[in-house]
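Quick notes on the structure that follows.
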Amino acid sequence: MKFKFIPIDYSPREINEKEYIQIIGRDGTGKKICLFHEYLPFFWLIVNEKKANSIKSQIEKIVVIESGQKIIPEKVEIHEKKFLEKKVKALKIYALNYSFMQEISKKVQLLKLGKVYGNDLGEITQYICETNFSPMNFYEITGEAINENPEFSGIDKEIELSLCVKIDSIKKCDDENFSPKFMAYDIETDEIQIGEGEILMISLVDSKGNKKVITWKSQNENKKPSFVDYVADEKELLKKFADEVRKFSPDFLIGYFSDRFDFPYIKSRAEKLKIKMNLGVDDSSMKFSRGQNPAGRINGVVHVDLAKFISTAYSQYMQSETLSLNEIAKEFLGEEKLKFEFKHSSKIAEDEWEKYFEYNLQDSVLTLKLFEKFWPDLLEFSRVINEPIFEISRNGMSKNVESYVIHHLKKYDEIPERKPEHHELAQRMEREKYEGAFVFEPTAGLYEDIAMFDFTSYWPSIIVTFNLSKSTLLEKKEKDATEIEIKDKKIYFSKKIGFFPDMLKELIEKRKEYKKELQKNPDAVKRARSNAFKLLANASYGYLGFFGARYYCPEASASATAISRKFIKKTIERINKEGYKVIYSDTDSIAFLKNEKTQEEVKELLKKINNKLPGIMELELEDFYTRGIWVTKRTGEIGAKKKYALINGKNKMKIRGFETVRRDWCKLARTTQNHILKLILEDGNEKRALVYVYEIIKNLKERKIEKKDLIIRTQLKKSISEYKSISPHVIAAKRMKELNIPVSNGSLIEYYIAETSEKTKLVRDKVKLLEEKGEYNLDYYLNQQLLPAVENIFQVFNIDVKEKIEGKKQKGLNEWIN
DNA sequence: GAAGTGGATATACC
DNA sequence: ACTGGTATATCCACTTC
């Protein structure tokens with residue numbers, strides 16, 4: 001039979017001692033299908049060229065006995081390959097299944113016949129590389145239905161899908177429209193610790209518009225809301241949940257923080273209640289891998305924890321200060337969670353339950369909508385990187401960069417580099433930091449008529465232009481090599497283009513291509529694709545210096561920064577020479593005074609500079625600004641770096657580094673600062689800003705400020721006991737623990753500073769939690785929050801706000817502003 | 001016990 | 001441990017006189 005197919009979920013599967021990859025996806029008509037593909041896992045052995053044949057016959061004779069099993073290589077082939085651009089002779093050694101392959105590779109390593117590669121790739125990654133049967137693309141499949149095939153002896157009956165096919169051949173074909181079936185879920189429980197309390201309810205919302213809450217609480221048929229399904233107890237709740245998921249059979253099951261909460265919670269309760277949660281299409285149960293990155297997996301249904309994906313793919317663009325569903329939904333959907341005051345279920349009154357159900361349902365509704373919003377991104381990440389959505393949604397950017405590289409090595413005939421071993425990791429982590437980018441020291445002041453340039457994709461463009469990578473790094477000077485000086489040492493890179501810079505170049509070109517198409521004809525998929533390319537390109541510089549990277553090359557990272565410093569400084573000089581005045585620069589951007597010249601002249605200068613830039617390096621105009629302000633550091637007269645505010649012709653502000661944008665400052669300080677920056681940038685003087693600050697200080701002193709504007713939020717970055725220095729937020733966290741409020745590594749701790757009777761110098765002794773009664777500490781909020789946030793802004797106008805406050809008593813507004 | 005300094009810590013910028 | 005280095009600022013911990 002022959003049909004079109006889009007692969008979504010992959011898993012290895014052994015049937016009658018034969019290794020298959022089970023692939024679940026949909027055909028052209030939207031029917032869910034399960035494919036089986038015979039597959040022999042393999043690894044590479046790079047050998048001494050002359051001994052290849054003899055080593056081959058040696059390997060063919062290997063027999064490993066492991067727990068009574070006889071393990072032998074299935075097949076050994078000799079190949080001409082490349083490793084880090086160098087030609088090598090390599091043996092490709094196949095085994096019956098993945099664990100056999102591991103055993104044989106161990107034995108081969110023991111025999112010291114050469115160096116082993118590729119055994120550290122995941123089986124699915126290797127399978128996709130080998131077959132080019134990539135996730136989320138359409139293929140034409142030929143194969144036979146397995147129900148008549150004795151080889152599979154009844155496997156198809158285990159699988160709930162109507163069609164199971166053994167693959168004969170795969171051919172790429174044109175993509176078709178694909179709308180996935182998906183379902184969002186969310187649970188409510190009595191305890192926050194995994195499995196400690198009962199699950200009270202589960203909400204389910206799917207892409208067909210069904211919405212429901214399953215619960216065993218508050219059984220009142222007369223007052224039952226239409227979306228609620230009652231069951232007898234928690235056990236029935238879990239069974240019903242499994243039934244509903246199986247019945248709907250989604251491609252994607254979506255949760256929010258579900259890898260850390262909902263999924264393990266359900267699994268743990270099911271184990272306690274001794275019920276099977278066989279959600280998998282093959283009747284398998286939920287699988288949960290603990291560890292640094294916990295992940296919940298269901299065979300044939302891709303479980304996605306959206307929170308994780310949003311944080312890796314979007315956090316750099318987000319306004320939200322936390323990843324909470326409420327904040328993220330507000331930012332991306334303009335919708336919020338419902339309000340509900342949490343109580344233990346035993347304390348919830350009969351008439352409050354409906355609210356709780358609605359609250360629970362809304363969480364799934366928001367999760368579903370967020371999935372729709374981010375679906376193009378998940379899809380394009382998967383297509384660009386060539387890894388399944390299950391992986392790309394959980395992996396960090398460094399892993400995604402690495403996956404991209406591994407999946408594109410084929411073109412270069414490269415054998416993949418190994419992951420660093422444990423001792424190597426330790427060694428790499430001890431490496432001294434190399435010198436980074438250049439930051440210009442500004443002079444504090446209010447400036448007018450500013451232009452800003454920045455280099456497009458600075459790091460990637462440097463890596464590509466100068467061919468920086470592990471495989472192009474030369475051991476010694478060669479003729480026609482690029483010489484780069486780092487810390488009085490010279491290092492060299494070949495000019496023969498390496499695969500890493502070449503891939504990066506392709507990424508940048510594709511990004512440009514899609515960005516252009518996007519501007520012509522915008523749609524969410526193109527935007528997502530362009531964004532995926534951009535994110536991968538941007539992360540590639542960090543990847544080179546990341547200790548966990550297969551293609552780790554700190555020399556390349558250090559060279560990239562050395563080159564970046566050289567070019568930004570040269571460009572600054574150039575701009576100054578043309579009669580402008582550079583006032584600030586950070587890494588890849590330059591702000592300068594236009595000095596009466598026209599915008600056209602600035603653009604001309606840009607062109608001239610670009611004509612001289614090598615390779616794919618490019619400078620672009622970021623914007624023109626009518627005004628900008630730079631302030632001094634808190635200590636001394638020196639201009640502060642990474643702290644400025646600009647306003648453009650459309651009165652749009654760009655604020656960087658100021659307390660306004662820092663979440664660990666109270667709202668009062670932040671909004672006040674934001675407002676005075678706005679007034680100053682709009683007016684070009686400090687008059688209105690002064691009046692405003694006067695009013696705020698007056699309110700503060702009269703204790704008119706609401707407590708919610710005085711909350712300080714600080715994140716707990718490790719567990720409480722690990723802190724060497726007990727700062728205010730650690731005290732607050734300790735107190736929360738005493739009060740049985742859940743706190744853990746990563747929690748955002750909220751507290752305020754209160755007036756206390758004790759005479760103490762330490763801020764931490766004045767910390768109070770929000771639920772603790774107390775008056776705000778006037779001195780603290782004035783001198784440690786409000787004034788620091790505004791002082792150095794007024795200092796630009798030679799106004800000492802503090803002196804003004806302390807100087808005269810009982811002054812009115814007129815005295816204040818004069 | 002006040003003053004000064006360095007370390008620990010959090011967060012932002014690019 | 002899960003991309004890099006540069007930078008500011010706060011508060012604690014400790015030393016010194």
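Below, chain A is the first sequence line, B the second, and so on; all start at residue 1. Since the model is a prediction, treat every value here as computed from it, not as a measurement.
Side-chain proximity of A:A640 to the nucleotides B:dT11, C:dT8, C:dT6 is greatest for C:dT8. Taking only side-chain atoms of A:Y541, from C-beta outward, the nucleotide of C:dC2, C:dA13, C:dG5 with the closest atom is C:dG5. Of the candidate nucleotides C:dT8, B:dC14, B:dA10, B:dC14 has the atom nearest to the side chain of A:R656. Side chain of A:I726, nearest nucleotide from B:dC14, C:dA13, B:dT11: C:dA13.
Here A:H729 does not reach the OP1 or OP2 of B:dT9: none of its side-chain N or O atoms lies under 4.0 Å away. Between A:R428 and the phosphate of C:dC2, there is no side-chain N or O to OP1/OP2 separation shorter than 4.0 Å. One finds no side-chain N or O of A:K717 lying less than 4.0 angstrom from the OP1 or OP2 phosphate oxygen of B:dA8. The side chain of A:Y644 contributes an N or O atom lying less than 4.0 Å from OP1 or OP2 of B:dC14. Between A:Y434 and C:dT6 there is no side-chain N or O to OP1 or OP2 distance below 4.0 Å. Taking only side-chain nitrogens and oxygens, A:R634 comes nearer than 4.0 Å to OP1 or OP2 of C:dT10. At C:dA9, none of the side-chain N or O atoms of A:R662 fall inside 4.0 Å of OP1 or OP2 (strictly under the cut-off). Within the structure, every side-chain polar atom (N or O) of A:K642 is placed at least 4.0 Å from both OP1 and OP2 of C:dA7. Between A:S398 and C:dT3 there is a side-chain N or O to OP1 or OP2 distance below 4.0 Å.
Atom CH2 in A:W630 sits about 17 Å away from atom C1' in C:dT8, given to the nearest Å. To the nearest angstrom, P of C:dC2 lies 6 Å from CZ of A:F547. Look at CZ on A:F438: it is 15 Å from C1' on B:dC13, rounded to the nearest Å. Rounded to whole Å, atom C1' of C:dG5 lies 11 Å from atom CG of A:D586. Put simply, NZ on A:K643 is 11 Å from C1' on C:dT10, counting in whole angstrom units. The distance from atom CD of A:Q427 to atom C1' of C:dA1 is 17 Å, rounded to the nearest whole Å. In this structure, A:M318 places its CE atom 14 Å from P of B:dC13, rounding to the nearest Å. For the pair A:F658 CZ and C:dA9 C1', the interatomic distance rounds to 13 Å; values are reported in whole Å.
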Practice task
Apply the test salt bridge (Lys or Arg N to Asp or Glu O under 4.0 Å) to residues A:E380 and A:K510: give CA-CA distance (whole Å), side-chain angles for both, the deciding distance (0.1 Å), then the verdict.
Solution key: CA-CA 13 Å; A:E380 292 307 317; A:K510 283 189 177 161; over 6 Å; no
Problem - Chi angles and distances behind the side chain to side chain donor-acceptor pair (under 3.5 Å) call for A:E555, A:Y552 - result: CA-CA 9 Å; A:E555 295 89 347; A:Y552 175 71; over 6 Å; no
Exercise for the section: Kindly determine whether A:T660 and A:Q673 satisfy side chain to side chain donor-acceptor pair (under 3.5 Å), including the steps that lead there. Expected result: CA-CA 6 Å; A:T660 304; A:Q673 187 189 56; 2.6 Å; yes
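Within residues 663-671 of chain A, the residues that have a heavy atom under 4.0 Å from DNA chain B are, in order of number, A:R663, A:D664. For residues 776-785 of chain A, proximity to DNA chain C is found at A:Y780, A:Q784, defined as any non-hydrogen atom under 4.0 angstrom from a strand atom. In the region residues 549-560 of chain A, proximity to DNA chain B at under 4.0 angstrom, judged on heavy atoms, holds for none of the residues.
Note that A:R290 lies outside the cation-pi zone of A:F288, set by a 6.0 Å cut-off to the ring centre and a 45° limit from the axis. For the pair A:R297 and A:F390, the cation-pi test (distance below 6.0 Å, angle within 45°) is passed. Geometrically, A:K768 does not engage A:Y751 in a cation-pi contact, judged by NZ or CZ lying under 6.0 Å from the ring centre and within 45° of the ring axis.
The main-chain N or O of A:G746 is found under 3.5 Å from a side-chain atom of A:Q715 such that the two form a donor-acceptor pair. Judged by distance alone, the side chain of A:Y752 and the main-chain N or O of A:G774 form a donor-acceptor pair under 3.5 Å. Checking side-chain atoms of A:D454 against main-chain N and O of A:D588 turns up no donor-acceptor pair under 3.5 Å. Judged by distance alone, the side chain of A:E772 and the main-chain N or O of A:L769 form a donor-acceptor pair under 3.5 Å.
Residues passing the side chain to side chain donor-acceptor pair (under 3.5 Å) test with A:R550, sequence neighbours excluded: A:D120, A:E402. Every residue meeting the ring pair (Phe, Tyr, Trp, His ring centres under 6.0 Å) condition with A:F453, not counting sequence neighbours, appears here in chain and number order: A:F592.
Relative ring orientation between A:Y458 and A:F455 is described as parallel, the plane-to-plane angle staying below 30° on a 0-90° scale split at 30° and 60°.
Both A:L762 and A:G542 sit near DNA chain C, but only A:G542 has its closest nucleotide nearer the 5' end. Ranked by how close their nearest DNA chain C nucleotide is to the 5' end, A:Y543 and A:G436 are led by A:Y543.
If you take NZ on A:K734 and CD1 on A:I749, they are separated by 12.5 Å, rounding to the nearest 0.5 Å. If you take CD1 on A:I389 and CZ on A:F381, they are separated by 11.5 Å, rounding to the nearest 0.5 Å.
Using P as the reference atom, B:dA8 and C:dT3 are 24 Å apart when rounded to the nearest Å.
Taking the six-membered ring where the residue is Trp, the centroids of A:Y584 and A:Y644 are separated by under 6.0 Å.
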Distances for protein N/O vs nucleotides 2-7 of chain B N/O pairs under 3.5 angstrom?
none

